[in-house]
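The structure appears right after this line, and notes come after that.
Index from 1, following the sequence.
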Amino acid sequence: MPLSLLPAAGASALDGGAPTAGRPTVSRPAAFRSAAERAARLGRPVEVAGQRTAFTNVYANPSGSFTTVQHLLPVQQRQGGPGSEDSQGSTMDGAGAGRTAPVVGALSNWTSVAKKTPAISFWKKGPVARVGYEDDTKGTWRSLFTVDARGLWQKKITILKSSFVIRNTHSWSCTPKPVELWDTGRIYPTTTWSKQPAWFKKLDTVTGAKGRPGCAAGDLAFGITANAKAAQANRWDGMTLGLRANESDTYGWKKFDAKSAKTVTEWK
């Protein structure tokens, strides 16, 4: 669900307002065209020069669409995405025709909540996001993430597909079990099990098991296309998403790498 919207003074040049500090006006449409041409020629994604920030990468796809990867936490020294060709520029200094490139990421946060310790906050505590029930300690956990959505505000793009992607580093067994992603209310440093946000709507369920011998750690991807489109249409500044699992089945227990969390949005 949306966080409080930014003030009107922060409107981008696309919406007829003065560009916000940190949001350069359109200056390099050629970067998008060049990356698209190279992607088509090479048959693999190519990073768009000048669009990278500590939180964001933009890639041109061979199909003619583009993909924006929005990381929950800043990632330094990235050298392109999986299967992509890194295209030089490591700082944001331009955008495509009719598009701005807002500096996003500062709104991103995460936390976990534990049923056994209902008054304790785990705000950004450690790298592990726990989900489900585990029989060893009889612990039940949920994890929640706020991802900056301001990069979706551009009205001149059409969102084709969006996913929330996070690395599953441990499962109770290699037997695939479901884990759910929900649209939730906002999280705060004071969020605890007894002070959870509302869990509004289940967005997707993924059945899998990763992070053990025989089922190596790997990404799970949850569909959030409808939420991404709502964020674009309503100018949400963030999306808060919650992970939960069957809280009576220890085989559904999972751990995730919180710092790996990201949204991956394909658009044209």
Side-chain angles (χ1 to χ4, degrees), residues 10-108 147-165 219 221 223-225 228-229 231-233 235 237 239 260-268:
S12 75
L14 283 178
D15 301 309
T20 304
R23 297 189 185 183
T25 55
V26 175
S27 60
R28 285 195 178 178
F32 280 82
R33 292 199 300 267
S34 175
E37 291 168 358
R38 292 170 65 194
R41 184 173 68 252
L42 296 170
R44 63 176 183 265
V46 171
E47 187 174 4
V48 180
Q51 296 300 297
R52 185 190 302 179
T53 73
F55 293 88
T56 308
N57 295 87
V58 180
Y59 299 94
N61 301 313
S63 64
S65 65
F66 294 87
T67 295
T68 297
V69 180
Q70 175 68 40
H71 298 266
L72 179 75
L73 300 176
V75 182
Q76 303 297 333
Q77 304 300 320
R78 295 200 301 273
Q79 297 297 320
S84 73
E85 176 179 307
D86 184 26
S87 65
Q88 303 174 31
S90 60
T91 59
M92 182 185 63
D93 61 359
R99 305 179 176 94
T100 59
V103 176
V104 295
L107 297 176
S108 300
V147 181
D148 199 321
R150 291 174 293 172
L152 302 174
W153 286 3
Q154 304 163 43
K155 294 182 179 178
K156 293 186 179 180
I157 68 171
T158 299
I159 294 173
L160 304 177
K161 180 181 179 181
S162 189
S163 301
F164 175 77
V165 181
D219 288 344
I224 59 166
T225 303
K229 290 181 176 180
Q232 179 190 37
R235 295 176 63 83
D237 56 8
M239 289 186 288
S260 74
K262 59 192 174 185
T263 57
V264 180
T265 303
E266 183 182 3
W267 53 273
K268 65 179 181 180

His71 side chain near Val69 side chain, heavy-atom distance below 4.5 Å: yes
For the residue pair [X] and [Y], what are the closest heavy atoms and their distance?
X: Met239; Y: Ala228; result: SD-N, 4.0 Å
X: Lys229; Y: Ile159; result: CE-O, 3.2 Å
X: Ala231; Y: Leu152; result: CB-CD1, 4.1 Å
X: Pro62; Y: Gly43; result: CG-C, 3.5 Å
X: Ser65; Y: Leu160; result: CB-CD1, 4.0 Å

Thr263, Thr56, Asn57, Asp148 screened by side-chain hydrogen bond (donor to acceptor under 3.5 Å, both in side chains) with Gln70, the one that passes: Thr56
Gap separating the NZ atom of Lys262 from the CZ atom of Phe55, nearest 0.5 angstrom: 15.0 Å
Straight-line distance of Ser260 OG to Leu73 CG, nearest 0.5 Å: 9.0 Å
No-hydrogen, no-angle side-chain donor-acceptor test under 3.5 Å, Thr158 and Trp267: no
Distance-only side-chain donor-acceptor flag, Asn61 / Thr67, under 3.5 Å: yes
Side-chain donor or acceptor of Thr225 paired with backbone N/O of Ser162 under 3.5 Å: yes
Donor-acceptor contact present, side-chain Ser163 to main-chain Val165, <3.5 Å: no
Sub-6.0 Å ring centroid separation between Tyr59 and Phe66: no
